[in-house]
Amino acid sequence: MAALLLPALLLPVLLSGLLLGTAAPASAHAVLRATDPADGTVLRTAPRHLTLTFSESVGLLSDSFRVYDPGNHRVRTAPAGHAPGHPGTARVTLPARLAPGTYTVAWRVVSADSHPVSGALTFSMGERTAAPSAPLPEPAEHPATTALHTIARHLAYLSLALLLGTAAFVAYCRPPMTAHLRTPALTAAGTLLAATAAGYLLRAPYEQGTSPATALTASALAHTATTRPGLLLLARVALLLLAAAGAALLRGRRARLPRRAAVAVAAVLAVALTLTWPASGHAAAGRQAPVAIVSATLHLLATAAWLGGLAALLWTLRRVPAPHGVPAPHGLPVSVPARFSRLATASVTVLVLTGTYQSWRGLGSWHALTTTTYGRILLAKLTAVGALLLAAARSRTWTARLGKASTTPDPRSLRRSVLAEAAVATVVLALTTLLTGTVPGRAATEAAAPAPAPGPVSAAAGIPTASVTTLPFDTGAPGGHGKVQITLDPGRTGGNSVQAVVYGPDGGLSSVPELRVTLTLPAQRVGPLDTRVTDRGGYWAADAFTLPLPGTWTLKATVRVSEVDQATVSAPLHVTR
C-alpha cells in the first residue's frame, strides 16, 4: 500500500504531461525585439552580419542559423555567436558576396529560462524573388522528445515536494515514529534522481528538436554539460547523491548528529537543491533576476513544506487506529497535526507574499491576467489554491477537535479531510508545473506588440489571381462565433499584400479588438511568419508580406472578440511559384 502513494499523486501530473507533450509546441519566453537586417527589407548592399536581438540572454546551438539563398540552397556560414558584450543577441557572419534575390533565414536559440525558441525571416538583395522548392528537412519539434521532457519535469517537481515536505514534517511536527515515512521519502528521492537524469539526457534533443534516440550521443551529452540548465541538472544529481551518501554513512556507523546540527545540514541541502530550479527558469530571465530567484526558491520550499508535508501527514494518519479500538501506545499525538497546522499557516504566508511578487513580475499588467495563457493558468491556480485553503480550514477544524479532551473525534474524518486536501494539492502542483512551461504574460504581451512594417517594395506583376481562405471560429462565448476571410494577393511566392475581414454571427462585418495572422511552413521548419496586419477601419491589412518558399503552409488566425474571449483557427494554404 505504501508504494501506491506516489503513483496516486503523480497520475494527474502524468496525464497533463502527456497532453502537453502531444500538443503543439508552446512558444518560448525570449522575445525577438529586432533584426538587422529587418525582416522583409530590400537591401542595396550586402550585410556583413545577420543579428537578432532578444529581450533576454539566449543560448546558441550548433545549428542556430540556417540561411537559404534565392535558389533555396543552404548558404555556408560560420558558427553563430553573440554580438560583443551583448548576450541577448545571436549573430552569424554572412558571405562577402550575396547574389540578388530573396534570402530565407530560419533560426533557433535557447532562452535564458531554458526553453528553445525559433522563427524565420527574409531579406532581399536588390529585388524580391520567389524561391524554388527544396528537399524536406526534419520537423522543428519531435513529439516524443517533448512529451518525455515534459513528464520528467513534472515528476521532478512533484517528487521534490514530497521529499522535502516529508523531511520538514519529521523535523518540525516530530511524529513519534518515522520508519513508516521512509518508503515514500525514498521513493520520492529515487523518482527525483531518475527524472533529473532523464532531463539531462533529453536536454540536447529538446533544444534541437530531434528524436530521443540522439540523447546518448557523445556530442549531445557534451553540449548539455556546457549549458547552464545542464550544469544545474548535474548539480542536482550531485546534491542528491551527497545527501544519500551522508545518510548511509550515518546509518552504517550508527552515529547520530545533534538535532540542531542535523536540521541545519538538511536545510542547507534543501535550499541548494531547490535553487537548481529557479536558477534556470522564469526567475533567471528578465528584470530583477536575483530577487526573483530568491522569491522563487522560497516559493518552492513553502510549497514543499505545505503540500509534501500534507502527504506525510496523510500517510501518518493511516497508523491511527479506528475509533472503536483502543488507541495504541504509538498512536498519533494531538501535537503532530497541531504543529503541521502551524507549519502550513507559515507556508501559506510565504506563498502569498512570493506568489504576489512573481505574478506581478510574470504578468506585467492586469490586462495580461485574462488575455494571455499564462494569466488564465494563473487564475486557475489561484482558484485551486482557494479550494485548497477551504479544505485546509476543514482539516484545522478536526485538528482543534482532537485537542479537546471533552470530545472523541473520529480519526477517519480527519483522514478524509486531509485526503481531500491532498487531492486539491495535486491539482495545484499540476498547474504550477504548467506555469513553468508557459510564456509569462509580460513576454507574451511584448511578442504580440506590432512590429515596424517592412521596407517598401515593388508590387508583383503578371499574376492576376489571389488566394482567399475563409476560417470559421467560435470562442464559446455568446456571440463569439463567426468567420474571418483572408486574402493573399497574388498568393504565390514573393511579395504579397494581405487583407482580412471578420464576419459576425449575423453574417455582417464585425469589428474586433485584435487579429493576428501568421504563416508557417512545417516541412521546411520556417515560421511562424507574422503578416503584421493592422486595423484599417473595418478590415485588417498588410501592404507588404513575403512568402519565400512554395509548399503547403499553415495559415493561422487568432481572433479576439472581447477582452477575455478569443479563438485560434488554422487551415492549409498551398503556395506555388
Side-chain angles (χ1 to χ4, degrees), residues 23-35 38-40 50 52-55 58 64-68 90 102-111 115-123 131 136-143 146 209 372-373 437-439 443-454 467 469 471 473 484 486 488 491 493 495-498 500 514-534 540-542 544-560 566-575:
S27 300
H29 310 151
V31 177
L32 180 63
R33 294 192 181 278
T35 68
D39 184 18
L50 173 66
L52 310 180
T53 303
F54 296 89
S55 59
V58 294
S64 275
F65 285 96
R66 287 174 291 112
V67 183
Y68 298 94
T102 298
Y103 288 76
T104 303
V105 181
W107 53 266
R108 185 180 182 92
V109 297
V110 181
S111 59
H115 296 279
V117 57
S118 59
L121 60 92
T122 64
F123 68 91
L136 304 181
E138 295 181 0
E141 302 288 345
H142 197 285
T146 303
T372 65
T373 302
T438 304
V439 184
T445 301
E446 293 177 358
S467 170
T469 304
L471 301 173
F473 65 86
V484 54
I486 303 171
L488 279 83
T493 53
N496 284 261
S497 62
V498 184
E514 183 181 347
L515 175 65
R516 188 184 185 197
V517 179
T518 62
L519 286 107
T520 304
L521 185 59
Q524 296 285 62
R525 300 171 64 187
V526 174
L529 301 178
D530 195 341
T531 61
R532 298 168 182 161
V533 292
T534 58
W540 297 69
F545 173 73
T546 300
L547 280 170
L549 300 171
T552 301
W553 292 73
T554 299
L555 176 65
K556 181 181 293 186
T558 299
V559 187
R560 184 177 303 284
Q566 74 172 28
T568 299
V569 289
S570 61
L573 176 68
H574 301 287
V575 177

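Atoms OG1 and CD, from Thr558 and Glu514 in turn, are 8.0 Å apart once rounded to the nearest 0.5 Å. Distance CG/Leu52 to CG/Leu32: 5.5 Å, rounded to 0.5 Å. Note that CZ of Arg108 and CZ of Arg66 are 9.0 Å apart. Values are rounded to the nearest 0.5 Å. For the atom pair CG of Asp530 and CG of Leu121, the computed distance is 12.5 Å after rounding to the nearest 0.5 Å. Rounded to the nearest 0.5 Å, atoms OG1 (Thr534) and CH2 (Trp540) are 7.5 Å apart.
Trp553 places a side-chain heavy atom less than 4.5 Å from the side chain of Leu529. For the pair Val575 and Leu521, the minimum side-chain heavy-atom distance is 4.5 Å or more. When side chains are defined from C-beta on, Phe545 counts as touching Leu519, because their heavy atoms get closer than 4.5 Å.
Aromatic ring orientation, Trp107 versus Phe54: perpendicular (interplanar angle above 60°, classes split at 30° and 60°).
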Exercise. For Leu573 and Leu488, what are the C-alpha separation, side-chain angles and deciding distance, and is it a side chain to side chain contact (heavy atoms under 4.5 Å, CB included)?
Worked result: CA-CA 10 Å; Leu573 176 68; Leu488 279 83; 4.3 Å; yes
Exercise. Please walk me through it: do Thr122 and Asp39 pass side chain to side chain contact (heavy atoms under 4.5 Å, CB included)?
Worked result: CA-CA 5 Å; Thr122 64; Asp39 184 18; 3.6 Å; yes
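Proximity of a side-chain donor or acceptor of Ser111 to a complementary backbone N or O of Val58 within less than 3.5 Å is not detected. Side chain of Asn496 to backbone of Thr546: no donor-acceptor contact under 3.5 angstrom is found. Between the side chain of Thr531 and the backbone N or O of Val517, at least one donor-acceptor pair lies under 3.5 Å.
Heavy-atom minimum distance, Ser570 versus Thr554: CB-CG2, 4.0 Å. Here the closest heavy-atom approach between residue Val109 and residue Ala90 is recorded as CG1-CB, 4.1 Å. The two residues Val484 and Ala557 have their closest heavy-atom pair at CG1-CB, 4.2 Å. Val526 approaches Ala120 most closely through the heavy-atom pair CG1-CB, 3.5 Å. The two residues Ile486 and Leu555 have their closest heavy-atom pair at CD1-CD2, 4.0 Å. Of all the heavy atoms in Pro522 and Thr552, the pair that sits closest is CD-O, 4.1 Å.
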